[in-house]
Amino acid sequence: MFVDRLQIVNFRNYDELLVDFSPGKILIYGANGQGKTNLIEAIYYLVIGKSFRGKDNSLIRFGAESFQIGAKISKNDQKITLGVEYSEKGKFFLKNGQKQKSFSSILGNLKGVLFTPDEPVVFFGFPANRRKALDLFLAQTSKTYLLSLIYYQKVLTNKNALLKQSRDVENLIEAWNYKLAEFGAEIIKEREKCLKILNDIIKELNAQLRFLPGKIEVSYKTTGTDDKEKIFELLKQRYTEEKDKKQSLFGPHRDDLNFYVNGRDLKIFGSQGQKKGALLLFKLAQAVYMAKISGERPVVLLDDLYSEFDKEKKETLEGFFLKYSDQVFITATEPIDLKNYHQVVFIENGKVF
Amino acid sequence: MYFAEPVAKLIEHLGKLPGIGPKTAQKLALYLLEIPEEEARALAEAIITARKNTKYCSVCFNLTDTDPCAICQNPGRNHRLLMVVEEPKDVAAMERTGSFNGIYHVLHGVLSPIKGIGPEDLKVRELLLRLSREPVEEIIIATNPTVEGEATAMYLASLLKPLNFKVTRIAHGLPVGSDIEYADELTIRKALEGRRVLE
């Protein structure tokens, strides 16, 4: 799939913008602070239903009261339009002009993989950030996963509220544990299945790209199991512990995924370069997974790769991304190798040339 | 827009109704002012009569004008089969089908720790009490298939099963007359899990 047309109003430093894109490799260039990343942000907004770096109310252009993002997407021979409008009153999403109940009903319509220079630090920080990254990817590829995640979160919020009550709630907690175990097992099962595949893809990609010398391994560490009966038993046995701490201690919301190079945990022992390389492999693997397993080639957004890699490595990487996606957006401050791109967009002060 | 005091007051009251926003409230108020006076009066009286003459049945807690309610009093209904529902509107929905001949028990809500609603806020104690004196054999739990409805069903089952009642849950699945392609994925999976052999 690819973004055919992007239209944004009062978003960040753009007042009104309408730009048509071709499939293939697209270079977005311009000096710093002109709005390159804002454009990437707008496209990715329609992938995940929010900004990857700011709160909604901070995205409205100074002096305006609302922002809008709309895109025409080409998918095989099919065209769909997606849109979002945000104002102080709230936000709503549109698909083919029809108002949606929530973003979750259109999540997955525009599939995307994003890489930004700030991401490795965040990704290799708290476990919650890694879970979020994995969830955002899986939710795009599996509707059941997304729904399980939504229901799990609802049950979890209720269970935590129950654990915070001062009275003994053991007889009440089982009803919530039962549902928590059901959705939790589902989430763990899907994460394990997906990471096993991603792991194989990453190994193969690393063998070809030689990003990280040595043996790379991604593993999923769970505090539960993929068997709902067993999680239910576990939660039952650990009731006192959870009640003491006043929170749910076991299940997919406490899990983690770890990257190892030659058996050493990257988040502890990895250099900045290794972390960056590993995350790029992970992102590339996501594109491969989407193209091969879910059968829909994503849109890839690579912010500021030039500052990260030398020319040769960057070109190999872009080439690999293009193998598994229909459209790759690349931002840069300089117009280098223009003939390598299917389309070149120059940005200055919120205007496109 | 400016309205005379009595009209403004009417708009304000209408705006408090569920599902009515300020614009609809204004539209309704202006409509009520245009219709013949006797029609407006009839509406007002209908509201007052309904308020005055309905109460909750002391047995099943459904809305009723007699106590016990017509369903609880009806010897033609199967008093060994009891259905637990969330709200009076669920009784109405079930009665419209005409396919259930048992009796009801209305919980008036569902468990929701985030809203601070526990079993003591629902008609759970009342349910256990009536079960101890009525000849009920099977209890059908027909709370909504929402997260809260499911948890409430599980909770009730954990209370009732040790008392040797047959406890059942209404089936989940695809809405009749709809297309599979329009159903959400979890509904389809539930429907798949609940599949039956065709006889």
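Side chains included, hydrogens not; waters and symmetry mates left out as well; all remaining heavy atoms used. Each chain gets a letter, A, B and so on, in the order the sequences are listed, and its residues count up from 1. From a predicted model like this one, the values you see are computed outputs, not experimental measurements.
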Colleague: Is it true that atom NZ of B:K9 has more than 12 heavy atoms of other residues, nucleotides or ligands lying nearer than 6.0 Å?
Modeller: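 No - once you tally the heavy atoms of other residues, nucleotides and ligands closer than 6.0 Å, there are 12 at most.
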Colleague: Find the one option among A:L162, A:L172, A:V155 whose heavy-atom pairs under 4.5 Å with chain B are most numerous.
Modeller: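 So the answer, after comparing A:L162, A:L172, A:V155, is A:L172.
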Colleague: Minimum heavy-atom separation for B:A151 to A:A175, with atom names?
Modeller: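 B:A151 and A:A175 have their closest heavy atoms at O-CB, 3.1 Å.
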Colleague: Across chain B and chain A, what donor-acceptor pairs are shorter than 3.5 angstrom?
Modeller:
unit_1	atom_1	unit_2	atom_2	d
B:I114	N	A:N158	OD1	3.2
B:E120	OE1	A:R167	NH1	3.4
B:E120	OE2	A:R167	NH2	3.4
B:E150	OE1	A:K179	NZ	3.1
B:R189	NH1	A:E186	OE2	3.2
B:K190	NZ	A:E182	OE2	2.8

Colleague: So which part of B:L159 gets closer than 4.5 Å to some heavy atom of chain A, the side chain, the backbone, both or neither?
Modeller: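 Contact with chain A is absent: no heavy atom of B:L159 under 4.5 Å.
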Colleague: Take atom CD1 in B:I180; do more than 12 heavy atoms of anything else shown fall under 6.0 Å from it?
Modeller: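 For B:I180, atom CD1 is not crowded (no more than 12 foreign heavy atoms under 6.0 Å).
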